[in-house]
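Just below is one structure, and these are the notes that go with it.
Residue numbers count from 1 along this sequence. Just so it is clear, the structure is predicted and the values come from calculations on it, not from any experiment.
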Amino acid sequence: MNEQEQLEQLMHGELRKLPELRAPETLVHRVMLAVHAKERQPWWQRPWLTWPRPAQLISSALFAATVAALIYFGAQAWQVAGFGNPLDKIWLWIVSLAPLWNWLVALVNAVALVWQKGGQLYLFIGLGVAATMYLLCVATGTACYRLAFNRR
């Protein structure tokens, strides 16, 4: 046993000899009062996740309506002020994603066609090949990372 372990054992033994400390009675009473006060709070003063489900749904709907109204009337205010409508820029950005959406629809249609015409076997084989390729890429990346950052 080294010197530090002996010191730790000695300290541990001395600490065990000390009497147990008790909390003051007033502290226990105050803690219990605080716990009971929390339990008696009305539901709207508690955390939102503990609210009744209908109240959560109504508050969510009101929040969504408030955000939508702020966006709509804020955009109208910008347009009246002569700055232009900021929603137009957002709409242009969304419209620019149309090729991505078309590609995704074509991919889903191709998978549905393979499923319908070729059966499940070819689809499962393709998914298995894709999963294997993904795992091989992850393994290769891990090996390259370990090789690059190996500390010897």
Show, in sequence, the C-alpha distance, side-chain angles and deciding distance for Val138 and Thr142, and conclude whether the side chain to side chain contact (heavy atoms under 4.5 Å, CB included) test is met. CA-CA 6 Å; Val138 169; Thr142 303; 4.2 Å; yes
When you look at Leu15 and Leu18, which way does the side chain to side chain contact (heavy atoms under 4.5 Å, CB included) test go after all the steps? CA-CA 5 Å; Leu15 288 174; Leu18 293 174; 3.9 Å; yes
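A side chain to side chain donor-acceptor pair (under 3.5 Å) with His12 holds for exactly one of Arg16, Gln9, Glu8; it is Arg16.
Atom-to-atom distance recorded for Asn102:CG and Leu97:CG is 11.0 Å, nearest 0.5 angstrom. Atom-to-atom distance recorded for Leu136:CG and Met133:CE is 8.5 Å, nearest 0.5 angstrom. Here the CG atom belonging to Leu104 is positioned 10.0 Å from the CG atom belonging to Asn109, to the nearest 0.5 angstrom.
Judged as a side chain to side chain contact (heavy atoms under 4.5 Å, CB included), and not counting sequence neighbours, the contacts of Thr50 are Arg46, Pro47.
Side-chain heavy atoms closer than 4.5 Å link hydrophobic residues (I, L, V, M, F, W, Y) into clusters, and following such links, possibly through other members, connects Val105 to Leu100. Residues Val129 and Leu107 do not share a hydrophobic cluster, defined by chaining ILVMFWY side chains whose heavy atoms lie under 4.5 Å apart. At a threshold of 4.5 Å between side-chain heavy atoms, the hydrophobic network of Ile, Leu, Val, Met, Phe, Trp and Tyr places Trp93 and Ile71 in one connected group.
Applying the side chain to side chain donor-acceptor pair (under 3.5 Å) test to residues at least two apart or on different chains, the pairs with a partner in residues 53-65 are Trp48-Ser59, Arg53-Gln56.
Shown here for Gln41 and Gln45, the closest heavy-atom pair between the two residues is OE1-O, 3.6 Å.
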N/O donor-acceptor pairs under 3.5 Å from side chains in residues 28-40, not counting sequence neighbours:
none

